[in-house]
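Okay, so here's the structure we're looking at.
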Amino acid sequence: MTTFSIAGGDAAIEKIASETSSLKTLEKDPPPGPPGLVGRAKLDIERISAALMATGRYGATVDVSIAGVSVASTSAPDVAQRSRRPVPVVVRVDPGPVFTIGRVAILAAERGHERPTRIEPREVGLVTGQPAPSGVVFAAEAKIVDRLRNEGFPFARVVNREAVADHARKQLDVTINVASGPRSPFGEVTVNGTREVDPEVVRGRVPFEPGDRYDPKKMIELRDELAKLDVFSSIRVKEAEAPDAQGRVPVVIDVEEKKFRYVGASAKYGTTEGVSLNAYWGHRNLFGGAEKFRIEAGSSRLITNDPKDYEYHVRTSFEKPGIWTGFDDLLAEVEAMRERPDAYWRDGVRAAVAIRRRLSSSLSIQGGLEVEASTIRDTFGENDFLLVGAPIGVTFDNTNSKLDPTEGVRATLTAAPYFNSGGGSSSLNIFKGQVSTYWKFDDDGRYVLAGRLGAGAIVGPSATEDVPANRRFFAGGGGSIRGFAYQNASPKCDSRRPTPSKALDCDDDQPIGGRSLLEASAEMRIKITDTIGVVPFVDAGAAFDKAYPDFGEAIRVGAGIGLRYYTAIGPIRFDVATPVVGKDKNDPTVAFYVSVGQAF
């Protein structure tokens with residue numbers, strides 16, 4: 001039986017000693033005889049002393065007695081043998097004071113013609129007078145090496161460290177000897193492990209050339225770019241431990257290829273939208289150059305709607321990386337769909353081709369051509385549309401996760417001019433933008449504040465009815481303003497105007513969409529455990545009849561709380577929301593949403 005005696009009665013010190021002590025944690029697993037008990041006790045003295053040093057207590061004393069005899073005594077095993085069972089064990093700890101940082105010296109262990117800039121102790125966290133836990137010293141060494149590597153010294157290392165605890169001053173004096181090594185540029189890149197993927201595709205993603213200044217951030221960027229190819233199950237990017245004959249840093253890329261074919265399905269449910277089902281088949285390396293090919297089919301608005309209002313789509317997409325440089329990708333997509341939202345009925349096909357250029361690890365631009373042919377029936381009648389456009393877009397994303405980001409910014413901006421040879425206006429210019437940002441309040445990302453702002457405008461048509469219904473803006477529902485009915489936070493039909501033949505029924509509650517949109521959301525994502533989290537949230541916004549948001553119209557506000565179950569593939573989301581401001585008779589009192597991934 002193990003007990004603890006702490007000088008001063010400090011509960012925090014007792015907790016450290018108890019959690020560190022193998023005598024305590026292994027009480028139910030007794031050692032093989034008295035010598036094993038004494039050995040375990042001596043090990044505890046070292047373990048607890050090291051744990052107290054980690055808090056800056058370099059003058060701590062730790063002793064363990066067995067049946068009243070210190071384990072430092074040669075008679076301890078015999079006493080333990082004769083003692084009653086269970087053997088009484090007492091761990092005595094005098095933690096002593098917390099030492100502070102004293103004198104600090106960061107010295108160059110070598111002299112070369114290329115010297116790094118001087119590193120001040122304060123810059124790496126060694127501040128005279130501040131507490132001196134051992135972790136601060138180790139962290140300072142890591143920061144020194146990182147600083148030198150960022151200056152172009154890839155072989156920088158700490159040669160040795162001398163830490164002297166001055167018990168008279170209660171301070172820790174630290175001397176760190178550093179070898180920067182030569183300032184070396186990047187060298188040749190070697191690719192290992194490719195069997196069916198063309199290794200030139202891998203080399204095309206390398207964000208540096210031989211002779212470029214060494215930058216460790218480029219190594220991280222390289223690995224991220226290779227991961228985006230989605231053809232490797234394992235990626236290891238490493239630099240040589242010594243310069244080559246030209247004084248450069250060779251880089252080796254070791255990869256293992258994934259299974260290229262895949263099949264899958266997904267489901268989503270919202271009380272305001274119904275059930276959505278989706279199935280897909282894909283190939284990650286269609287022609288050996290990491291080309292992505294995918295066919296998917298899906299149906300939505302199921303169960304909660306009449307079968308005549310079920311929606312269907314079939315989509316084929318293709319992506320070819322590195323068509324010119326390693327960072328120019330060809331994108332192509334063909335889609336056929338049947339849409340039956342409350343605002344309109346649409347049957348159509350669409351084809352698009354685009355080039356995406358990556359400007360940096362987080363910034364890309366995209367431009368291309370799009371053709372869409374549709375027959376649309378809404379409250380303004382039935383019309384055929386043929387749109388030909390040239391959409392361009394900019395995407396910025398430096399978040400740390402696609403499905404569950406805890407930090408960073410994600411933003412998209414698109415401008416799409418279209419020529420319409422069918423009904424409505426012949427000129428159609430659609431502008432859309434959305435930005436979401438994430439702030440974590442702790443290192444583990446257990447408390448994350450997430451915000452989203454989206455806006456859109458359609459310029460050119462003089463009236464909403466001149467815009468094809470599927471291109472209008474709608475608000476309300478699970479991907480928009482939670483708590484409101486699907487598309488219901490949008491301009492409504494005026495039942496007083498005549499309804500043309502071949503038109504959907506018009507009443508004052510029928511959404512028709514608008515020419516502008518404004519939406520905002522805020523969430524506080526709180527992890528209760530590693531797998532369970534809660535998310536209180538608020539959404540606000542509306543679609544507007546004019547080409548710009550009109551704040552004279554009603555702004556809808558919905559609020560609620562969500563439950564998150566965190567899995568390896570991303571969080572499973574269950575949200576409950578209710579309208580707070582702007583509810584009408586078509587909106588539910590409470591709405592539920594289930595899907596994979598965060599709301600934004």
Side-chain angles (χ1 to χ4, degrees), residues 191 193-207 221-237 253-266 268 276-298 313-337 349-372 391-397 399 401-403 405 410 412 414 568-570 596-597:
V191 180
T194 53
R195 292 180 290 112
E196 297 184 47
V197 178
D198 186 347
E200 290 305 313
V201 176
V202 177
R203 292 190 178 92
R205 293 291 191 180
V206 176
E221 183 180 339
L222 171 56
R223 193 193 184 288
D224 291 343
E225 288 299 327
L226 296 180
K228 291 176 185 177
L229 291 174
D230 195 30
V231 290
F232 302 121
S233 60
S234 172
I235 302 169
R236 185 182 181 192
V237 180
I253 302 172
D254 292 321
V255 297
E256 293 182 13
E257 295 176 347
K258 284 182 177 180
K259 292 182 178 180
F260 298 129
R261 294 174 179 82
Y262 63 91
V263 64
S266 64
K268 183 169 65 172
S276 297
L277 301 176
N278 199 58
Y280 52 87
W281 175 91
H283 199 296
R284 298 183 174 94
N285 189 43
L286 190 62
F287 303 122
E291 300 91 353
K292 298 182 181 68
F293 179 74
R294 175 168 164 145
I295 300 174
E296 64 178 75
H313 77 270
V314 178
R315 182 183 301 116
T316 300
S317 60
F318 176 77
E319 179 178 332
K320 167 67 176 174
I323 60 169
W324 295 322
T325 72
F327 299 104
D328 297 304
D329 302 332
L330 172 67
L331 312 174
E333 187 174 270
V334 178
E335 181 181 17
M337 75 291 292
V349 294
R350 171 183 165 272
V353 62
I355 301 296
R356 180 179 60 209
R357 177 67 185 271
R358 189 195 72 84
L359 302 178
S360 71
S361 60
S362 55
L363 180 64
S364 64
I365 59 175
Q366 180 174 315
L369 297 174
E370 181 180 6
V371 179
E372 177 182 289
I392 59 174
V394 179
T395 300
F396 178 85
D397 188 349
T399 58
S401 172
K402 295 299 181 185
L403 291 176
R410 182 179 294 159
T412 59
T414 60
I569 62 172
V596 176

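- Here the closest heavy-atom approach between residue V201 and residue A290 is recorded as CG1-CB, 4.0 Å.
- Judged by distance alone, the side chain of K292 and the main-chain N or O of L229 form a donor-acceptor pair under 3.5 Å.
- Atom-to-atom distance recorded for I355:CD1 and I323:CD1 is 3.5 Å, nearest 0.5 angstrom.
- Residue R236 holds its CZ atom at 13.0 Å from CD1 of I253, rounded to the nearest 0.5 Å.
- A donor-acceptor contact shorter than 3.5 Å is absent between the side chain of N285 and the backbone of V231.
- Between H283 atom NE2 and Y262 atom OH the span is 10.0 Å, to the nearest 0.5 Å.
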For this session: Test L363 against V394 for side chain to side chain contact (heavy atoms under 4.5 Å, CB included), laying out the working first.
Result: CA-CA 7 Å; L363 180 64; V394 179; 3.7 Å; yes
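- If you take CD on E296 and OG1 on T316, they are separated by 8.5 Å, rounding to the nearest 0.5 Å.
- Separating the CZ atom in F287 from the CZ atom in F318 is a distance of 5.5 Å, to the nearest 0.5 Å.
- At a cut-off of 3.5 Å, with distance as the only test, a side-chain donor of T399 or R410 sits close to an acceptor on the other residue.
- Classification of R294 and E319 as a salt-bridged pair fails, no side-chain N sitting under 4.0 Å from a carboxylate O.
- Here the shortest heavy-atom pairing between R205 and G326 reads NH1-O, 3.4 Å.
- Side chain of D329 to backbone of G322: a donor-acceptor contact under 3.5 angstrom is found.
- For E221 against P207, the heavy-atom pair with the smallest separation is OE2-CB, 3.5 Å.
- Within a 6.0 Å sphere centred on CH2 of W324, heavy atoms belonging to other residues, nucleotides or ligands number 12 at most.
- Looking at E257, its side chain does come within 3.5 Å of a backbone N or O of R195 through a donor-acceptor pair.
- Screening E333, E372, H313 for a side chain to side chain donor-acceptor pair (under 3.5 Å) with R350, the sole residue that qualifies is E333.
- The CG atom of D254 lies 11.0 Å from the CD1 atom of I235; values are rounded to the nearest 0.5 Å.
- Counted within 6.0 Å of CZ on R203, heavy atoms from surrounding residues, nucleotides or ligands total more than 12; the atom is thus considered enclosed.
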Problem set entry | Stepwise side chain to side chain contact (heavy atoms under 4.5 Å, CB included) check, V263 with R261 | CA-CA 7 Å; V263 64; R261 294 174 179 82; over 6 Å; no
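- In this structure, the side chain of R284 engages the main chain of K259 through a donor-acceptor pair within 3.5 Å.
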